[in-house]
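Report on one structure; see the data block that follows.
Proteins get letters first, then strands, A, B, ... in listed order; numbering begins at 1 in each.
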Protein chains: 2
Amino acid sequence: MREYLKNNLILQRLTDKQFENVLTRAKQISLADGDVLFQQGDEFRRFYLVVSGHMKLFRLAPDGNEKVIELVDAGHTFAEALMFLEQPRYPVGAIALGETDLISIDARHFQELLKSSVDLCMALLGDMSIRLRSLIREIDDLSLHSATCRVAAFILARAPDCRDDFELDIPKHVIASRISVKPETFSRIIKSLKSKNILEIKGSKVHLLDREALEEAADVCALPVDAS
Amino acid sequence: MREYLKNNLILQRLTDKQFENVLTRAKQISLADGDVLFQQGDEFRRFYLVVSGHMKLFRLAPDGNEKVIELVDAGHTFAEALMFLEQPRYPVGAIALGETDLISIDARHFQELLKSSVDLCMALLGDMSIRLRSLIREIDDLSLHSATCRVAAFILARAPDCRDDFELDIPKHVIASRISVKPETFSRIIKSLKSKNILEIKGSKVHLLDREALEEAADVCALPVDAS
DNA sequence: AAAGCGCTTTGACCCAGGTCAATTGTTATA
DNA sequence: TATAACAATTGACCTGGGTCAAAGCGCTTT
């Protein structure tokens with residue numbers, strides 16, 4: 001646990017003493033697939049670091065529809081931005097995708113620490129502004145780009161740099177929701193990409209046939225990198 | 001100028017000495033309607049406070065389509081989140097809507113100040129987490145709600161608490177883009193709301209006929225307040 | 001190996017909202 | 001007061017992607 005915490009970009013800014021201090025109040029949590037960590041609207045008291053597995057953060061519409069806002073992978077924290085709100089409640093629900101280990105950190109306690117370290121504040125600020133930017137990108141994506149673009153971009157983002165074969169370790173319907181598309185549509189887009197000899201997906205195995213074409217499909221509507 | 005700065009929720013956390021310090025490097029800027037402050041992709045050096053008027057922040061798709069990300073009203077700052085990125089460029093473009101006065105603040109300089117005040121950091125952190133939340137809401141809106149809902153919600157958000165008549169001081173096509181709808185569609189939605197005796201819009205004058213119905217139209221897909 | 005369950009895929013159909021083009025305000029400049 | 005330039009509205013039409021329903025395909029369980 002100690003090592004995991006040390007790897008996180010925010011937590012590693014802590015002095016040893018501060019760090020030990022955090023540890024005294026941190027809890028380890030193990031979740032099974034589908035376990036609910038908290039629900040949208042629950043009162044906020046703790047934030048979390050993903051040690052292994054994935055967490056799914058989502059919003060629920062009254063009609064029961066859900067939209068995945070973020071998939072949090074190992075090494076990342078989530079919900080810490082709520083520390084600075086008046087009487088915060090979680091704006092999303094969180095459930096585990098597969099076996100997932102977390103460390104939970106007491107918010108109030110951590111906040112005290114923050115007050116004693118500008119450096120730590122700056123780290124957090126940096127982290128939040130990155131998140132802010134990626135949300136802007138997301139809005140941009142949703143309103144300016146087609147479903148096909150989003151699928152292509154998502155696959156590319158998950159593809160390791162120089163490998164054309166890899167695994168999608170997340171169920172397809174979750175991916176679909178992540179990029180705001182219905183599972184049926186997702187399936188159809190994949191099919192159409194296959195018919196163009198761009199990629200193949202069997203089960204969870206992805207095989208890129210024409211990376212360039214895929215990049216183009218994502219690009220058609222994406223913004224120049226230097227401007228985004 | 002001094003008073004305006006003092007009204008801003010971030011700036012008011014500064015000690016008098018810090019404040020004077022900021023002033024020495026701040027510039028006043030006056031823009032006419034349509035003036036460009038910066039373009040998407042420009043190098044970031046300063047952030048801004050709106051003193052009067054409105055700024056439009058938008059993203060551009062390669063096909064020339066634009067999507068308004070945010071409308072910044074008087075009293076609010078924008079682009080300050082970029083201070084914490086590595087070699088930041090503006091992720092959006094900014095142009096003035098109508099005559100607009102701004103104060104521009106040197107980022108590097110302000111950052112030095114931040115390092116000397118945890119309190120100020122906390123204020124910024126709070127501000128950013130609010131922004132973060134509102135972006136999440138926005139994504140939620142885009143992917144879970146219909147255009148009609150968004151129109152209704154927008155109008156309501158602009159309506160003063162207990163008044164049924166007020167002005168839309170922003171051109172309709174800008175509003176349309178803000179809520180990711182084409183001007184034609186916006187116009188049609190308004191027409192349909194009028195035919196249901198919910199509201200009337202003449203020029204820039206809005207007249208609410210049935211506030212409750214409008215709230216319901218926005219609600220159909222909106223989340224319970226306490227959970228958002 | 002059969003049965004059951006939850007994904008994923010496929011087909012048929014539909015509709016909200018986009019596109020295009022023409023018309024009608026509305027300022028603003030001369 | 002004409003006229004140009006742009007904003008807003010309207011109509012006709014089209015299409016991306018959603019919905020619904022029915023298979024197909026792995027899985028785990030017995």
Side-chain angles (χ1 to χ4, degrees), chain A residues 32-34 56 61 63-68 95 97-99 141-152 154-155 167-195 199-206 217 220-221, chain B residues 32-34 56 61 63-68 95 97-99 141-155 167-196 199-206 217 220-221:
Chain A
D33 183 51
K56 176 175 87 172
D63 63 9
N65 251 319
E66 84 170 35
K67 151 74 183 161
V68 176
I95 87 168
L97 289 181
E99 306 271 313
D141 256 20
L142 279 175
S143 42
L144 259 21
H145 307 340
S146 72
T148 305
C149 291
R150 278 180 268 139
V151 170
F154 184 92
I155 304 266
E167 296 254 339
L168 241 38
D169 50 358
I170 289 168
K172 292 186 189 163
H173 68 275
V174 176
I175 295 179
S177 169
R178 174 72 248 280
I179 58 181
S180 288
V181 150
K182 297 284 136 175
E184 295 93 325
T185 306
F186 182 76
S187 176
R188 280 175 191 127
I189 288 173
I190 295 298
K191 192 183 175 185
S192 120
L193 291 174
K194 188 194 292 184
S195 80
L199 61 73
E200 267 181 335
I201 298 187
K202 280 201 196 92
S204 71
K205 285 168 185 52
V206 180
V220 174
C221 26
Chain B
D33 183 49
K56 176 176 87 170
D63 64 8
N65 251 320
E66 82 170 38
K67 152 72 183 163
V68 176
I95 88 170
L97 289 181
E99 305 271 311
D141 255 21
L142 280 175
S143 43
L144 259 21
H145 308 340
S146 72
T148 306
C149 291
R150 278 179 270 141
V151 171
F154 184 93
I155 305 264
E167 296 253 340
L168 240 36
D169 48 0
I170 289 168
K172 291 186 190 162
H173 67 275
V174 176
I175 296 179
S177 169
R178 173 73 249 280
I179 59 181
S180 289
V181 151
K182 297 284 135 174
E184 295 94 325
T185 305
F186 183 76
S187 176
R188 282 174 190 126
I189 288 173
I190 295 299
K191 192 183 176 188
S192 121
L193 290 175
K194 187 193 293 183
S195 79
K196 289 177 192 151
L199 62 74
E200 266 180 337
I201 298 189
K202 280 202 196 93
S204 70
K205 286 171 183 48
V206 180
V220 174
C221 25

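Protein atom NZ of K194(B) is 8 Å distant from nucleotide atom P of dT9(D), rounded to whole Å. Rounded to whole Å, atom C1' of dA8(D) lies 12 Å from atom CD1 of I201(B). Rounded to whole Å, the distance from CG on L144(B) to P on dG18(D) is 12 Å. Rounded to whole Å, atom P of dA8(D) lies 9 Å from atom CZ of F186(B). For L97(B) and dA7(D), the CG to P distance is 12 Å, given to the nearest whole Å. The distance from atom CG of D33(B) to atom C1' of dC6(D) is 12 Å, rounded to the nearest whole Å. The interatomic distance linking I175(B) (CD1) with dT9(D) (P) rounds to 11 Å, in whole Å. Atom NZ of K202(B) is separated from atom C1' of dA8(D) by 16 Å (rounded to the nearest Å).
Residues I179(B) and R150(B) approach most closely at O-NH1, 2.6 Å, considering heavy atoms. Of all heavy-atom pairs between G98(A) and D33(A), the closest is N-OD1, 2.6 Å. Taking all atoms of both residues into account, the shortest heavy-atom contact from K67(A) to S180(A) is NZ-OG, 2.9 Å.
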* What string of B, S and - do you get for nucleotides 15-30 of chain C, 5' to 3', when a contact is any protein heavy atom under 4.0 Å? -> --SSBB----------

* Asked: Between I201(B) and K194(B), does a side chain to side chain contact (heavy atoms under 4.5 Å, CB included) hold up when you go through it step by step?
  -> CA-CA 8 Å; I201(B) 298 189; K194(B) 187 193 293 183; over 6 Å; no

* V181(B) and I175(B): CA distance, side-chain angles, deciding distance, side chain to side chain contact (heavy atoms under 4.5 Å, CB included) verdict -> CA-CA 9 Å; V181(B) 151; I175(B) 296 179; over 6 Å; no

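Helical stems in DNA chain C, defined as runs of 3 or more consecutive Watson-Crick or G-U wobble pairs with both donor-acceptor distances under 3.5 Å, are listed by first residue as C:1-30 with D:1-30.
Under the salt bridge (charged side-chain N to carboxylate O under 4.0 Å, His left out) criterion, the residue pairs touching residues 167-190 of chain A are E138(A)-R178(A), R158(A)-D169(A), E167(A)-K205(A), with sequence neighbours excluded.
In terms of phosphate contacts, K172(A) brings no side-chain nitrogen or oxygen within less than 4.0 Å of OP1 or OP2 of dG6(C).
Residues satisfying the side chain to side chain donor-acceptor pair (under 3.5 Å) test with S192(B), not counting sequence neighbours, are none. Applying the salt bridge (charged side-chain N to carboxylate O under 4.0 Å, His left out) rule to E66(A) yields the partners K56(A); only residues at least two apart in sequence or on another chain are considered. Listed by chain and residue number, nothing satisfies the side chain to side chain donor-acceptor pair (under 3.5 Å) test with S187(A) (two or more places apart in sequence, or in another chain).
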